[in-house]
Amino acid sequence: MKIIIGNQKSYLTKEKVKDFILKIKDINYKDNEVVVCPSDIYISLYSDVNCKIGCQNISVSNNGPSTGETTASQYKSMNVSYAIIGHSERRTNQNESLEQIKLKIQNAINENIIPILCIGENRSQKDSGETEHVLKEEILGSIEKEFANKVIYAYEPLWAISDGINPAVIPSNDEIRRIAIYIKELLRKEFNSEAKVLYGGSVNPKNIVELNSINELDGYLIGGASTKGDEFTYIIENS
Ligand code: PGA
């Protein structure tokens, strides 16, 4: 069983969402857990689809006077069961801090929404051998011991995330395996917790079969390819 999460970012408008839904509506997920994270305004279009629904962010606030925010309990009321938290695009563009990410994780867990924490190094951190250090800081800076086993960890090296036009070069299977083992061991050592680890960054129909031979991975976080029904279907059927 793999956990396959589609992060549709801000790629689609309504007609394209409807086309996508038609394409994935009747596919066989096998025993995979399939989660689509649409833009908030399209969540209700998924009411008849067999997949789970996730959100791409969650507010640090609770219900009340927070203009433009969507809270964990609001998502819960729309049957959202997963939340992507700390995506690198938000850490970079919205300057999300570890403290905010920690709060978002707590807010999600309080509503029984499963947080998917995105972690990963940028190109220069990789080149200077800091990958493990970055991952450790991101995990220890945003996870409380009591919540550690309620979070799914998505390793997304920033340099492997596609620019929306072309897929990027991704790490080798050996590198991904090494990092998945590192994250699992860190969680065991620090929190006595078993962790589920996903890989994300330019996952697509061309690399899914090879990626799927990494037994240490529990699934994938997919951006661009989760906006195209045919590609997402192929990935699900080959996971
Ligand atoms: P990508 O995005 O699959 O388009 O590289 C992955 C992500 O940012 O979650």
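Because the structure is predicted, anything quoted here is derived from the model rather than measured. Counting convention: from 1, in listed order, for ligands and their atoms alike.
- Residue Gly224 has at least one nitrogen or oxygen atom sitting less than 3.5 Å from a nitrogen or oxygen atom of ligand 1, judged on distance alone.
- With a 4.0 Å heavy-atom cut-off, ligand 1 is reached by the backbone of Ile161 and by its side chain too.
- For NZ of Lys30, the number of neighbouring non-hydrogen atoms (other residues, nucleotides, ligands) closer than 6.0 Å is greater than 12.
- Scanning Gln8, His87, Glu89, Lys9 for the heavy atom closest to atom 2 (O) of ligand 1 points to Lys9.
- Taking 4.0 Å as the cut-off, Gly200 does not count as a neighbour of ligand 1 on heavy-atom distance.
- Within ligand 1, counting atoms from 1 as listed, the ones closer than 4.0 Å to a heavy atom of Ser202 are 1 (P), 3 (O), 5 (O).
- Electrostatic pairing of Glu33 and Lys52 counts as a salt bridge here, judged by a charged N lying under 4.0 Å from a carboxylate O.
- Heavy-atom contacts of Gly201 reach the following atoms of ligand 1: 5 (O) (cutoff under 4.0 Å).
- Between Ile222 and ligand 1, no pair of N/O atoms sits closer than 3.5 Å.
- Checked for salt-bridge contact, Glu89 and Lys9 meet the test: a charged N lies under 4.0 Å from a carboxylate O.
- By the neighbour-count criterion of 12 heavy atoms within 6.0 Å, atom NZ of Lys145 is densely surrounded, having more than that number from other residues, nucleotides or ligands.
- Using a 4.0 Å cut-off between a side-chain N of Lys or Arg and a carboxylate O of Asp or Glu, Arg177 and Asp174 qualify as a salt bridge.
- From the protein, the heavy atom lying nearest to atom 3 (O) of ligand 1 is Gly223 N, 2.9 Å.
- Taking atom 7 (C) of ligand 1 as the reference point, the nearest protein heavy-atom neighbour is Glu156 OE2, 3.1 Å.
- Counting the atoms of ligand 1 from 1 in the order shown, those under 4.0 Å from a heavy atom of Ser162 are 1 (P), 4 (O), 5 (O).
- Residue-ligand proximity: Ala225 is placed with every non-hydrogen atom at 4.0 Å or more from ligand 1.
- Other residues, nucleotides and ligands place more than 12 heavy atoms under 6.0 Å from the CG atom of Asn63.
- Side chain to side chain, Asn212 and Tyr220 meet the donor-acceptor criterion of an N or O pair below 3.5 Å.
- Listed by atom number, the atoms of ligand 1 under 4.0 Å from Asn7 heavy atoms are 9 (O).
- A salt bridge is absent between Arg91 and Glu96; no separation between the charged side-chain nitrogens and carboxylate oxygens falls under 4.0 Å.
- For ligand 1, the polar-atom distance check finds no N/O of Tyr11 at less than 3.5 Å from any of the ligand's N/O atoms.
- No more than 12 heavy atoms of other residues, nucleotides or ligands sit less than 6.0 Å from atom NZ of Lys196.
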